[in-house]
A.B. asks: 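Below is a structure I'd like to ask you about.
A, B, ... follow the sequence lines: proteins, then strands. Residue 1 opens every chain.
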Amino acid sequence: MDVLAGLNPAQRKAVETIEGPLLIIAGPGSGKTRVITHRIAYLVRVCGVSPHRIMAVTFTNKAAREMTERLEALLGQTVKALTLGTFHAICARILRQEGKAIGLDPGFVIYDEEDQLGLIKQSLNELDLDPKQYNPKAIQSAIEFAKSHILTPKAYGEQARSYFEEIVQRVYERYQQLLAQSQGVDFDDLLMKTVQLFQDYPDVLVRYQSRYLHILVDEFQDTNTTQYLLIKQLAGKHGNVCVVGDPDQSIYSWRFADLRNILSFEKDYPNAQIALLEQNYRSTQTILEVASNIISANVQRKPKRLWTENEVGIPVAIVETFNEEEEARFVVSEIEKLVKEKLVSPGGCAVMYRVNAQSRALEEAFMRYGIRYKLVGGTRFYQRREVKDMIAYLRLVHNPGDNVSLARVINVPGRGIGQRTLAELSSWSKSHDVPLYAALKQVAEKKGPPLTPRASFALTSFLNLIEGLSGRSREMKLVDLLDEVLKESGYREYISSEEDGEERWENILELRAAAEEYNELSPAEALVNFLEKISLVSDIDEIDSLADAPTLITLHQAKGLEFPVVFIVGMEEGLLPHRRSFDDPAQMEEERRLCYVGITRAQKLVYLLRAYRRALFGSSMAGLPSRFLESIPPHLATSKSKWEDETREHEYTPVTAILSRQSPTPPASIDLKAGDRVRHTRFGEGVVTDCLPTRDDHQVTVQFTEAGIKRLLASLAHLEKIESASNMQS
DNA sequence: CGAAAGGCTCTTTTT
DNA sequence: GAGCCTTTCG
């Protein structure tokens with residue numbers, strides 16, 4: 001097997017350069033995943049590197065899974081020895097192994113953002129701070145900022161510049177104490193604590209440094225400072241670090257991803273080599289040109305020239321509707337039309353938007369037309385209340401010290417344990433410096449806080465419930481334990497009495513099915529592995545990703561995907577770009593990148609829609625067209641207003657008509673015809689074989705001496721006529 | 001203790 | 001328009 005076969009020169013360089021630091025700048029659709037997998041295969045197959053000594057970091061579990069599959073297909077063997085996963089999963093593994101050194105219990109729980117917010121509110125409460133004055137979400141974000149920069153509460157306090165930041169420091173401090181009490185960590189802790197571990201224990205670091213001969217990081221433009229330092233630590237010995245990314249697709253600065261990581265990689269690694277992947281295999285020339293025009297307006301950017309050998313394609317459609325309902329109707333009926341004409345399958349269409357709230361109008365329209373659709377995102381599976389409740393029970397059984405889970409389910413289903421009782425219990429446990437669970441035990445022995453007999457009884461029966469489950473958990477299959485929890489806690493009856501009980505019950509069954517995969521492991525192992533998996537996975541793997549239906553997705557989530565046809569809705573000032581970015585040029589550039597990411601997902605067709613009025617957050621408001629639309633050269637687009645003036649509809653040529661048009665509108669004159677000799681900056685010299693007028697341009701077919709036959713758009717290709725056909729004849 | 005009612009906020013969300 | 005929180009009342 002030749003792992004270099006079929007790669008273009010730039011890709012080849014990216015695969016073959018294995019010594020020292022390498023920066024791969026990979027434009028959209030440039031075969032990035034292919035390069036990464038081939039590179040690993042090259043290391044293993046050609047260079048004889050043991051998979052055990054390679055680390056590959058991805059940002060999502062999905063990406064990790066896909067990479068594993070492609071790699072196994074390429075190598076024809078499993079790659080278990082390879083360290084391949086997300087930053088968080090890799091760090092969690094290291095910390096379970098080595099965390100004892102920094103006082104971390106190997107059985108630590110990983111709390112998600114909701115748990116995190118709960119702990120922040122609790123901290124505020126304990127510090128007598130008003131959550132109305134100090135928004136818990138803002139504090140959550142500030143703590144995330146701190147942890148993304150390896151700032152401990154103390155260090156954060158030292159750099160605090162405002163009163164709010166001082167408040168944050170106090171909350172952060174308390175919050176960490178609460179986490180420690182429950183032997184819990186949050187997502188950011190996984191990264192920060194690993195870096196700290198390596199900082200404080202050089203011998204541990206050396207072990208890992210020595211092991212990893214080669215390190216690969218995907219989506220490098222979205223790494224934060226902590227992740228950057230982690231990679232720097234790990235690569236500290238061998239220095240073979242390969243990072244892959246595209247600054248133009250950096251859209252997570254609000255999670256403190258730092259574009260400087262990729263922009264200044266060469267500074268930090270002076271001997272770094274660079275591979276530029278600029279050939280696009282995904283989109284038409286027109287789409288690529290539109291995208292390039294949009295992104296070029298950014299100032300904070302290294303210029304990059306994307307090109308493609310794909311066909312010229314069709315102008316993007318800019319459509320204006322009266323409101324979001326009409327916008328949605330247009331999308332749905334257009335999809336229906338395209339599908340009917342067999343131009344695309346339903347699953348080849350995607351509708352993208354800035355905020356999740358926009359999906360509602362679309363969903364309604366799809367439903368009204370009776371067309372199935374796939375909604376990506378929304379409330380994720382493991383975030384659902386009932387699923388989290390069940391997980392909390394399991395966590396509690398596994399680790400009774402888990403105060404967060406205990407607080408979550410102590411009165412779910414209702415057992416008459418109200419706020420009053422809980423406050424009593426928690427203040428008692430705080431003053432005696434023991435976990436809530438220990439306080440419960442004291443209550444049962446009548447040594448706890450003074451409570452009414454009623455409350456006392458309720459607490460004791462909850463304790464007995466958990467004790468009983470814990471006792472039996474050691475010899476039960478995970479699924480049986482789950483069933484036991486459902487039965488003994490009364491959750492089953494509770495759920496069926498709920499509003500949408502049926503749906504919630506089905507989610508529980510789904511969780512149960514996920515638990516069944518752990519049947520072969522010992523009860524203890526099964527529980528631990530199950531809990532680990534679900535805390536690091538955001539969703540059950542796209543359940544009906546196989547269904548042939550259009551996808552509804554946010555622009556953020558669309559990164560890394562591709563579709564033949566892409567609709568971007570809500571191209572309005574305030575939405576895309578989002579109003580929150582108005583006063584910050586850096587954020588405005590990120591909005592632009594977001595738009596760029598959306599457009600570059602498309603292979604064949606792009607529709608950009610905007611509504612004159614839009615109902616969002618209750619009220620309906622008129623909005624101006626997005627400034628990003630102004631970056632699109634008019635000759636690359638067709639526009640249509642569906643409402644302002646019905647006569648204007650005639651200006652718009654439906655895509656279907658363009659696709660099937662035989663005799664086009666009379667084009668503007670052009671100075672090229674068949675037989676002309678021309679020169680192109682990239683392809684060199686050639687002869688025009690055909691010149692076909694399009695809507696307001698010309699598609700020129702050229703037989704190049706070196707590069708073969710290419711179809712080019714006259715306005716873009718900058719063809720220089722070097723010899724006229726008539727001259728040759730005369 | 002818990003249900004009902006009114007007030008406030010509101011982006012994106014790989015882990 | 002919905003979800004979350006606080007307040008109020010039975």
A.B. asks: Ring-plane angle category for A:Tyr491 and A:Tyr494, please: parallel below 30°, perpendicular beyond 60°, tilted otherwise.
C.D. replies: perpendicular

A.B. asks: Between P on B:dC8 and NZ on A:Lys121, what's the gap in Å once rounded to a whole number?
C.D. replies: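 It is 17 Å, rounded to the nearest whole Å.
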
A.B. asks: Calculate the interatomic distance between A:Ile568 atom CD1 and B:dT12 atom P; express it in whole Å.
C.D. replies: 17 Å

A.B. asks: Do you know which of A:Phe220, A:Phe59, A:Tyr228, A:Phe187 makes ring pair (Phe, Tyr, Trp, His ring centres under 6.0 Å) with A:Phe87?
C.D. replies: A:Phe59

A.B. asks: Quick check on DNA chain B: between A:His578 and A:Ile417, whose nearest nucleotide comes earlier from the 5' end?
C.D. replies: A:Ile417

A.B. asks: Grab the CD-C1' distance between A:Glu66 and B:dT14 for me, whole Å please.
C.D. replies: 12 Å

A.B. asks: What is the separation between atom CD on A:Gln358 and atom P on B:dT12, rounded to the nearest whole Å?
C.D. replies: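 Value for this atom pair: 9 Å.
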
A.B. asks: Could you tell me the separation between the CZ atom of A:Arg93 and the C1' atom of B:dT15, rounded to a whole number of Å?
C.D. replies: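 Computing the A:Arg93:CZ to B:dT15:C1' distance gives 16 Å.
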
A.B. asks: If you look at every strand shown and take non-hydrogen atoms under 4.0 Å, does A:Asp222 touch a base, only sugar-phosphate, or nothing?
C.D. replies: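 Counting heavy atoms under 4.0 Å across all strands, the contact made by A:Asp222 includes a base.
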
A.B. asks: Quick one: do A:Glu573 and A:Arg579 make a salt bridge, cutoff under 4.0 Å?
C.D. replies: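 Answer for the salt bridge query: no.
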
A.B. asks: Within the structure shown, what part of the strands sits under 4.0 Å from A:Phe87 by heavy-atom distance: base, sugar-phosphate, or nothing?
C.D. replies: nothing

A.B. asks: Among the candidates B:dT14, B:dG2, B:dC10, find the nucleotide nearest to the side-chain atoms of A:Asn135.
C.D. replies: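 My answer, after comparing the listed nucleotides, is B:dC10.
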
A.B. asks: Rounded to the Å, how far apart are A:Leu575 CG and B:dC10 P?
C.D. replies: 16 Å

A.B. asks: Contact class for A:Arg354 (heavy atom, under 4.0 Å): base, sugar-phosphate, or nothing?
C.D. replies: base

A.B. asks: B:dT13 C1' sits how many Å from A:Phe187 CZ, rounded?
C.D. replies: 11 Å

A.B. asks: Is there a Watson-Crick or G-U wobble partner for B:dA5 with both distances under 3.5 Å, and which nucleotide is it?
C.D. replies: C:dT6

A.B. asks: Is it true that, when you exclude A:Glu503 itself, more than 12 heavy atoms of the residues, nucleotides or ligands shown sit nearer than 6.0 Å to its CD?
C.D. replies: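 Count not over threshold, so no.
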
A.B. asks: Using whole Å, what does the distance between atom P of nucleotide B:dT15 and atom CD of A:Gln557 come to?
C.D. replies: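 In whole Å, B:dT15 P and A:Gln557 CD are 10 Å from each other.
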
A.B. asks: A:Glu113 has a side chain; which of C:dG1, B:dT11, B:dT15 sits nearest to it?
C.D. replies: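 Nearest to the side-chain atoms of A:Glu113, counting from C-beta on, is B:dT15.
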
A.B. asks: It should be established whether A:Asn356 places a side-chain nitrogen or oxygen under 4.0 Å from OP1 or OP2 of nucleotide B:dT13.
C.D. replies: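 A:Asn356 to B:dT13 OP1/OP2: side-chain N or O found under 4.0 Å.
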
A.B. asks: Using a heavy-atom cut-off of 4.0 Å across all strands, would you classify A:Asp189 as base, sugar-phosphate, or nothing?
C.D. replies: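 Answer is nothing: A:Asp189 stays at 4.0 Å or more from every strand.
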
A.B. asks: Suppose we define a pair by two distances each less than 3.5 Å, Watson-Crick or G-U wobble; what does B:dT12 pair with here?
C.D. replies: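 Base-paired to nothing in any strand shown.
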
A.B. asks: Judged by each residue's nearest nucleotide on DNA chain C, which is more toward the 5′ side, A:Arg360 or A:Leu117?
C.D. replies: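 On the 5' side of the pair lies A:Arg360.
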
A.B. asks: State whether A:Ser581 places a side-chain N or O below 4.0 Å from either non-bridging phosphate oxygen (OP1 or OP2) of B:dT11.
C.D. replies: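 Checking B:dT11 against A:Ser581, no side-chain N or O comes under 4.0 Å of OP1 or OP2.
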
A.B. asks: Using only atom types and a distance under 3.5 Å, with no angle test, would you say the side chain of A:Glu591 pairs donor to acceptor with the backbone of A:His578?
C.D. replies: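 It does hold such a pair.
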
A.B. asks: Tell me what A:Thr58 touches on the nucleic acid: a base, only sugar-phosphate, or nothing, going by heavy atoms under 4.0 Å.
C.D. replies: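 No contact at all - A:Thr58 keeps every heavy atom at 4.0 Å or more from the nucleic acid.
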
A.B. asks: Would you say the rings of A:Tyr172 and A:Tyr175 are close, in the sense that their centroids are separated by under 6.0 Å?
C.D. replies: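 Judged by ring-centre distance (under 6.0 Å), A:Tyr175 and A:Tyr172 do not meet the cut-off.
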
A.B. asks: Does the aromatic ring of A:His88 sit over the six-membered base ring of B:dT15, closer than 5.5 Å centre to centre and tilted less than 30°?
C.D. replies: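 Stack criterion not met.
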
A.B. asks: Could you work out which one of B:dG2, B:dT14, B:dT15 sits closest to the side chain of A:Asn61?
C.D. replies: B:dT15

A.B. asks: Report the nucleotide, chosen from B:dC10, B:dT15, C:dT6, that has the shortest atom-to-atom distance to any side-chain atom of A:Lys132.
C.D. replies: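 The answer is C:dT6.
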
A.B. asks: Using the rule for Phe, Tyr, His and the six-membered ring of Trp, do A:Trp254 and B:dT12 stack at under 5.5 Å and under 30°?
C.D. replies: yes

